[in-house]
Amino acid sequence: MSDRVTVRVLLLFGDQAEVVADVPPAERAAPVRYPAADIAAAAGLEVFELPGARLTAVVGPDDELSGWRPA
């Protein structure tokens with residue numbers, strides 16, 4: 001069974017979205033980049049709507065996130 005976590009998109013960097021766990025800043029790990037178009041398509045959003053968005057994602061092997069959905 002996969003775990004679903006809540007994340008926040010911090011910003012767009014070129015065609016990548018910087019994503020962090022949606023927890024207090026002191027508890028956050030470094031942002032991880034994922035293709036913005038992939039996240040937007042999976043979550044039913046436009047790429048420009050991603051910065052600041054709260055989403056959920058499935059944590060897979062090697063802590064890779066997928067299955068993006070609006071939180």
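Predicted, not measured: the structure shown is a model, and the values here were computed from it.
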Q | Verdict with reasoning, Trp68 to Val7, per side-chain contact (heavy atoms from CB on, under 4.5 Å) | A | CA-CA 9 Å; Trp68 309 95; Val7 298; 3.9 Å; yes
Q.
Looking at every heavy atom in both Leu50 and Ala36, which two are closest together, and how far apart are they?
A. CD1-O, 3.5 Å
**Q.** Minimum-distance pair of heavy atoms, taken over all atoms of Glu46 and Ala40
**A.** C-CB, 4.0 Å
Q: Determine yes or no for a side-chain-to-main-chain donor-acceptor pair under 3.5 angstrom, with Tyr34 supplying the side chain and Val19 the backbone.
A: no
Q | Leu10 reachable from Val47 in the ILVMFWY side-chain graph, under 4.5 Å edges | A | no
Q. When clusters are formed by joining ILVMFWY residues with side-chain heavy atoms under 4.5 Å apart, either directly or through shared neighbours, do Val20 and Phe13 land in the same one?
A. yes
Q: Measure the CG-CD1 distance between Leu12 and Ile39 for me, rounded to the nearest 0.5 Å.
A: 8.5 Å
Q) Which distance, rounded to the nearest 0.5 Å, do you find between the CZ of Arg69 and the OG1 of Thr56? A) 6.0 Å
Q) Do Leu45 and Leu55 have side-chain heavy atoms sitting under 4.5 Å apart? A) yes
